[in-house]
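Heavy atoms only: backbone and side chains are in, while hydrogens, waters and symmetry mates are out. Naming convention: chains lettered A, B, ... in sequence-line order (proteins, then strands); numbering from 1 in each chain.
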Number of protein chains: 2
Amino acid sequence: MVSKKVLIVDDEFSIRDMLRMALEIADFECLEAENIQDAHRLIVDERPAIVLLDWMLPGGSGLELLRRLKKNDTTSEIPVIMLTAKVAEDNVIQGLDAGADDYVTKPFAPRELIARIKALLRRSAGGEQRDRLEVGELVLDVDSRRIFVANSPIEMGPTEFNLLQFFMSHPERAYTRNQLLDHVWGANVYVEERTVDVHIRRLRKALEGGIQDYSDLIQTVRGTGYRFSAKGVVSE
Amino acid sequence: MVSKKVLIVDDEFSIRDMLRMALEIADFECLEAENIQDAHRLIVDERPAIVLLDWMLPGGSGLELLRRLKKNDTTSEIPVIMLTAKVAEDNVIQGLDAGADDYVTKPFAPRELIARIKALLRRSAGGEQRDRLEVGELVLDVDSRRIFVANSPIEMGPTEFNLLQFFMSHPERAYTRNQLLDHVWGANVYVEERTVDVHIRRLRKALEGGIQDYSDLIQTVRGTGYRFSAKGVVSE
DNA sequence: AATTTAATGACATTAACGTGACATTAAAAT
DNA sequence: ATTTTAATGTCACGTTAATGTCATTAAATT
């Protein structure tokens, strides 16, 4: 398995250092931030698999960052473990209520923390995305990054593949161009909104090409954006 | 929300009782088991939303049950919180490794436990629920921005969709044209009052089009404006 | 019957989307 | 290192759908 990124958010150097060591032994890749601003930037840019978040931070409390993350669509799925020196029960409840996925009080044993990280990753990564998405005879194979229509492969560019993968894992839902840019291109990339249209066209063209025509799974939602739907459009 | 089932697995009556009280206050439905066999039967039969599992149990340790649950496909998605009197770090790691989703050591504060339960449920139930409005076989799907009549989609313009969405979320109430303009078009947009009539007509036409005719859900209130009502008009 | 109010059809205008071409960049092949 | 190929993002133009308005007709109210 490719080592996963863990973001450590703590203002004390000694703690970050200790965590980094423990995590690297357990074969994680570490990112570090010592304040809210850096942390948020790293989360958006690097998309870590998990965030270890200290309660007390300069420039706003960790709780604040946590709320911000859970509010935003593109970051709400990233699991967060809150770290705190405080043992006050109230903190735990506030943290969990704000959407923290786990909670560890200092001083903590590195091995326990690692076990908790693994438990969370197992949960968040495990349940969700399948390595094979299908609608009718249209099959998207995540591992080989290929699309099949009736068992024969069809060609498309990487972006079109990503777009289709996103659509197939989020069907029956209308997305704006900006949402698609965020999810498929990634945040912090600036491209014109209308570029999405062009890739939609390329994707539709590719889906036409096969033995069967699956291009109308990609539907235009006027005034909004696009939608992937197996439920079909209105017939005549 | 319908109250969710929580299974308490503990051999001590006093602990079960304490938990039951705390959980019922928090509006959960409680199931209880005092040994592995009963617990397993209840999990299979009742499918609780979450399991609170004591570490030490007669007839096999809780860890054993945990492994069994996580191995089986039909039960592996049920979150488990391990409860233990032991504070040994090793236990925590073993438990989390075996697939426990969280871990709480006795004595614990009921409020914390409730918060952890809610956090876990939020995460696992996080499998998205759709935002939809329905009247009979007329369904407005907010997420996909589509209207269905008897499960087949029908077409309408964005404004008609917004209008219908507003009506369906504010039924049985008459609105003036100006109120509709404010709510559906947005404040500080200037369009003629009579424009509303035209969109009402378009909406009615769209609602006629399907297999069934839902156009008389949109009722004219002479001298005032319009109303959405599922109660039907007075038949002559 | 006269008057008020709503429904309807038609139409010009505007906004949103589709499409082909092209320059630029990134990746592969040589 | 150089060439070839594919992918990407952007623009300009064509097309279609949506919108708002008005004149006319129909219906309800007085």
Side-chain angles (χ1 to χ4, degrees), chain A residues 145-147 153-166 174-182 184-209 213 215-228 233-234 236, chain B residues 145-147 153-166 174-182 184-186 188-209 213 215-228 233-236:
Chain A
R145 283 188 70 85
R146 271 201 299 187
I147 311 287
I154 61 176
E155 298 279 342
M156 64 179 67
T159 308
E160 284 73 44
F161 181 90
N162 294 337
L163 192 55
L164 184 58
Q165 179 174 1
F166 176 76
Y175 290 94
T176 66
R177 295 177 172 72
N178 270 313
Q179 287 176 313
L180 291 172
L181 285 173
D182 279 355
V184 178
W185 276 252
N188 83 328
V189 229
Y190 184 69
V191 280
E192 279 295 322
E193 268 201 352
R194 297 290 259 88
T195 298
V196 174
D197 298 30
V198 179
H199 285 277
I200 289 280
R201 176 170 58 86
R202 288 168 182 161
L203 177 54
R204 280 175 175 159
K205 202 161 208 167
L207 292 176
E208 266 173 22
D213 184 347
S215 63
D216 46 1
L217 294 178
I218 312 290
Q219 299 165 4
T220 303
V221 184
R222 260 180 193 259
T224 303
Y226 299 94
R227 159 184 61 209
F228 181 90
V233 283
V234 189
E236 81 269 17
Chain B
R145 277 190 76 82
R146 269 202 297 192
I147 311 288
I154 61 176
E155 299 272 4
M156 65 179 66
T159 308
E160 285 74 44
F161 182 91
N162 293 338
L163 193 55
L164 184 56
Q165 181 172 1
F166 176 76
Y175 290 93
T176 66
R177 295 176 171 74
N178 270 314
Q179 287 176 314
L180 290 172
L181 285 173
D182 278 357
V184 178
W185 276 252
N188 73 3
V189 197
Y190 185 69
V191 280
E192 278 295 321
E193 268 203 345
R194 286 278 152 199
T195 299
V196 174
D197 298 31
V198 179
H199 283 278
I200 290 280
R201 177 171 58 85
R202 287 170 182 158
L203 177 53
R204 281 173 173 158
K205 200 163 207 166
L207 293 176
E208 267 172 22
D213 184 347
S215 63
D216 45 3
L217 294 178
I218 313 290
Q219 298 164 5
T220 303
V221 184
R222 219 180 158 76
T224 305
Y226 299 94
R227 163 184 58 210
F228 181 91
V233 284
V234 192
S235 39
E236 67 270 22

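Checked by atom type, the side-chain pair B:Ser215/B:Asp213 shows a donor-acceptor distance below 3.5 Å.
At the heavy-atom level, B:Val189 lies nowhere under 4.0 Å from the strands shown. Using a 4.0 Å heavy-atom distance criterion, B:Glu160 is classed as a sugar-phosphate-only contact.
Closest approach to the B:Asp197 side chain among C:dG9, C:dT19, C:dA7 is made by C:dA7 (side chain taken as heavy atoms from C-beta onward).
Interatomic distance, A:Leu207 CG to A:Glu160 CD, rounded to the nearest 0.5 Å: 10.0 Å. In this structure, CD1 in B:Ile200 is found 11.5 Å from CZ in B:Arg202, a value given to the nearest 0.5 Å.
In this structure, B:Arg194 atom CZ and C:dT8 atom P are separated by 13 Å, rounded to whole Å. The CZ atom of A:Arg222 sits 10 Å away from the P atom of C:dA16 (whole-angstrom rounding). Distance, B:Arg202 CZ to C:dT8 C1': 11 Å, rounded to whole Å. If you measure from atom CD of B:Glu192 to atom P of C:dT13, you get 17 Å, rounded to the nearest angstrom. Atom CZ in A:Arg201 sits about 16 Å away from atom C1' in C:dA16, given to the nearest Å. Summarising the geometry, the separation between NE2 on B:His199 and P on C:dT8 is reported as 15 Å, rounded to the nearest angstrom.
Here A:Tyr226 reaches the OP1 or OP2 of C:dG18: one of its side-chain N or O atoms lies under 4.0 Å away. In terms of phosphate contacts, A:Arg177 brings a side-chain nitrogen or oxygen within less than 4.0 Å of OP1 or OP2 of C:dC17. Dashed line: the shortest gap from a side-chain N or O of A:Thr220 to OP1 or OP2 of C:dA16 is not under 4.0 Å.
Applying the 6.0 Å contact sphere to CD of A:Glu155 captures no more than 12 heavy atoms from other residues, nucleotides or ligands.
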A:Arg177 vs A:Asp197, salt bridge (charged side-chain N to carboxylate O under 4.0 Å, His left out): CA-CA, chis, key distance, verdict = CA-CA 8 Å; A:Arg177 295 177 172 72; A:Asp197 298 30; 2.6 Å; yes
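Here chain A contacts DNA chain D (any atom closer than 4.0 Å to a heavy atom, that is under 4.0 Å), and the contacts span D:dA7 to D:dA18 from 5' to 3'.
Residues A:Phe166 and A:Phe228 keep their aromatic ring centres 6.0 Å or farther apart.
Using a 4.5 Å heavy-atom cutoff, the side chains of B:His199 and B:Trp185 are in contact.
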